[in-house]
There are 2 protein chains.
Amino acid sequence: MTATREPRRGRPPGGAPRLTRVAIVDATLEVIDADGIDAVSMRSVAHSLGVDAKSLYNHVAGKDGLLDAVAEQILGSVRLPEPTGDVRGDLRAIGDAFRDGALAHPRAAPLVLTRRLTSLTALAPVEAVLGVLSTAGCPPRDAVPLLRGLVAALAGTLLREVRAGPARGAADAPGIARRQAVLERSGLPHVAEAAADLSRFDGDAEYAYALDLALDAVTARLGERRATGARRALSRE
Amino acid sequence: MTATREPRRGRPPGGAPRLTRVAIVDATLEVIDADGIDAVSMRSVAHSLGVDAKSLYNHVAGKDGLLDAVAEQILGSVRLPEPTGDVRGDLRAIGDAFRDGALAHPRAAPLVLTRRLTSLTALAPVEAVLGVLSTAGCPPRDAVPLLRGLVAALAGTLLREVRAGPARGAADAPGIARRQAVLERSGLPHVAEAAADLSRFDGDAEYAYALDLALDAVTARLGERRATGARRALSRE
DNA sequence: ACCTGAACACCGTTCAAGT
DNA sequence: ACCTGAACACCGTTCAAGT
């Protein structure tokens, strides 16, 4: 009769591949990619790592800290472009990089877009935008509201895009037809008239349009600022 | 010896004030106002109504349906302004009404801004914006992207504002000083230089600025469209 | 230093049984 | 028509006990 194996307790023997913070974050990202944010639990993540849920607390500040860490890892994966000196092009490139990062994990993107992040990696995109605006001759006092307006517009569109889910483009013809029919029967005249356009959604095109809209506004303000500055300089003579 | 009272089962006697859908939503809103969205549970809401959690299922489609109902009640409380014919002013008034509605329950606002709502009440603001754009001579095809860009910018700023919490304005001087110090030590030159501006946040001013930015872009597009249309009409002669 | 057993105080939700 | 008891399968988190 062999001795029954006692359930293991304490750290497993051997210099085995230890549980690590990034491994936990990666596993969480896999859970989210597969089943969405709501499927994340300390237990589900731990299970996918073959470990007990309570072990995660040695590497992560609870579930909330874990989700923050996921958001920060995504943010940290954004490859910000080198500035070229073309204000509009540079700002657009930053936006594109941000969008690419978000769309790499669409179901996790709301974490990046809605959680308040305080770490240093969260500041890199801010630094990039301020750098471009500074090169354009914009002092911080004026740059910060422009930055915030730009980020708000970008976050707003991306949030809409990832929320729309993978039912993007003209691929989902029956879904479009169904939505259109509902809108036409809404009893709201303008909604009914625009039903065909409201029921469609093309992520790439919507993003490009919304960013263009925001960049129009920002570059217009930069132009104004310069003009005002010039006028002031002139009147000082 | 008195008979011990059996725990009640089944509907309580008398034509008592029955549990109702709006009562449940109101109670949920009170929980959110007091303790935030995370404090909402079927049990906590039911408890505040002196009822069992399972009773809520007779009036609401689970917790998710309950949170949708909260978002829709807030959206339904938005008093949309009568259009005056001034495009920019009318769009701004719609934005203001939306913001007022959101700020009436700041902690619940993320529900309105991030959940995908499908009901008819969610379409009222859409109808309002499309109406204004239509009066301005903008056909649905062009109006829908403008609508979406505008909504994205609005949602983005409001989300930022409600997330910033009640630590708004210059009221929270020590908080501002602390944030500023962190930014100055970030090692990011432009962030450090803009630390004073980045650490401050004035909800009213940020909203006004961001909406102005978006309205600039929208009205510019409307102007272009008209000019293009005029040019087309001209070349057709 | 790091992992788990035991334990606690919670969750959302179904369904039949009651009135 | 509407409410609850019993029940199920979950949660996040603490802390001491182990290696």
Side-chain angles (χ1 to χ4, degrees), chain A residues 3-32 34-71 111 115, chain B residues 3-32 34-71 111 115:
Chain A
T4 65
R5 187 134 79 88
E6 296 279 324
R8 181 168 52 76
R9 192 188 246 204
R11 178 159 50 168
R18 274 167 55 264
L19 189 56
T20 193
R21 186 181 163 91
V22 301
I24 294 172
V25 172
D26 285 343
T28 309
L29 214 32
E30 275 170 36
V31 171
I32 297 176
D35 301 313
I37 295 175
D38 288 347
V40 172
S41 76
M42 299 304 271
R43 284 164 158 94
S44 66
V45 171
H47 178 78
S48 80
L49 289 165
V51 111
D52 189 280
K54 299 183 276 350
S55 302
L56 306 184
Y57 288 82
N58 289 302
H59 304 89
V60 140
K63 184 178 179 180
D64 230 55
L66 174 55
L67 294 179
D68 278 343
V70 170
L111 296 176
R115 290 180 89 82
Chain B
T4 64
R5 186 133 80 89
E6 295 280 323
R8 183 169 49 78
R9 191 188 246 205
R11 178 160 49 169
R18 275 167 55 262
L19 189 55
T20 196
R21 185 180 164 91
V22 302
I24 294 172
V25 172
D26 285 342
T28 308
L29 215 30
E30 274 170 37
V31 171
I32 297 176
D35 300 314
I37 294 175
D38 288 346
V40 173
S41 76
M42 298 304 272
R43 284 165 158 93
S44 67
V45 171
H47 178 79
S48 81
L49 289 164
V51 111
D52 188 278
K54 299 185 274 354
S55 302
L56 305 183
Y57 288 83
N58 289 302
H59 304 90
V60 140
K63 184 179 178 178
D64 231 56
L66 174 57
L67 294 179
D68 278 342
V70 170
L111 296 176
R115 290 180 91 83

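Here is how names work: the chains are called A, B, and so on, in the same order as the sequence lines, proteins then strands, and each is numbered from 1.
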- Locate the shortest heavy-atom distance separating B/A69 from B/V25; write the atom from each residue and the value. CB-CG2, 3.8 Å
- Task: Let me have DNA chain C in dot-bracket notation, would you? Count Watson-Crick plus G-U wobble pairs, both distances under 3.5 Å, and use [ ] for pairs crossing earlier ones and | for inter-strand partners.
- Result: ||.|||||...|||||.||
- Take atom NZ of A/K63 and atom P of D/dT14, then tell me their distance rounded to the nearest Å. 15 Å
- Test side-chain contact (heavy atoms from CB on, under 4.5 Å), reference B/I37, set B/L111, B/V70, B/V31, B/T28, output is B/L111
- Closest heavy-atom contact between B/S55 and B/L19? CB-CD2, 3.9 Å
- Rounded to the nearest Å, what distance is computed from the CZ atom of residue B/R21 to the C1' atom of nucleotide D/dC2? 16 Å
- Query: What is the distance, rounded to the nearest whole Å, between atom CG of B/D52 and atom P of C/dT13?
  - Reply: 14 Å
- Query: Tell me: CG of B/N58 to P of C/dT13, nearest whole Å?
  - Reply: 14 Å
- Using the P atoms only, state how far C/dC10 lies from D/dA9, rounded to an integer number of Å. 22 Å
- What is the distance, rounded to the nearest whole Å, between atom CG of A/L56 and atom P of D/dT14? 13 Å
- Query: Taking the same atom, C1', in C/dC11 and in D/dA7, what whole-Å distance lies between them?
  - Reply: 14 Å
- Query: Is any side-chain nitrogen or oxygen of B/S55 closer than 4.0 Å to OP1 or OP2 of D/dC2?
  - Reply: no
- Query: Is the phosphate of C/dC3, meaning OP1 or OP2, less than 4.0 Å from a side-chain N or O of A/H59?
  - Reply: yes
- Nearest-nucleotide 5' precedence on DNA chain D, B/T20 against B/K54: B/T20
- Query: Between C/dG12, D/dT4, C/dA6, which nucleotide has the shortest distance from any of its atoms to the side chain of B/S41?
  - Reply: C/dG12
- How close or far is atom C1' of D/dG5 from atom OH of B/Y57, stated in whole angstroms? 16 Å
- Task: To the nearest Å, give me how far apart CZ (A/R43) and P (C/dT4) are.
- Result: 13 Å
- Message: Test your reading of the model: is there a side-chain donor-acceptor pair from B/S41 to the backbone of B/S44, 3.5 Å cut-off?
- Response: yes
- Closest non-hydrogen atoms of A/M42 and A/L66, given as atom of the first, atom of the second and distance, are SD-CD2, 4.3 Å
- Message: Side chains of B/K63 and B/V45, heavy atoms from C-beta outward: is any pair under 4.5 Å?
- Response: no
- Item | Protein-nucleotide distance (A/H47, atom NE2; D/dG12, atom C1'), rounded to Å | 18 Å
- Item | Test item: B/H59 side-chain N/O and B/I24 main-chain N/O as donor-acceptor pair under 3.5 Å | no
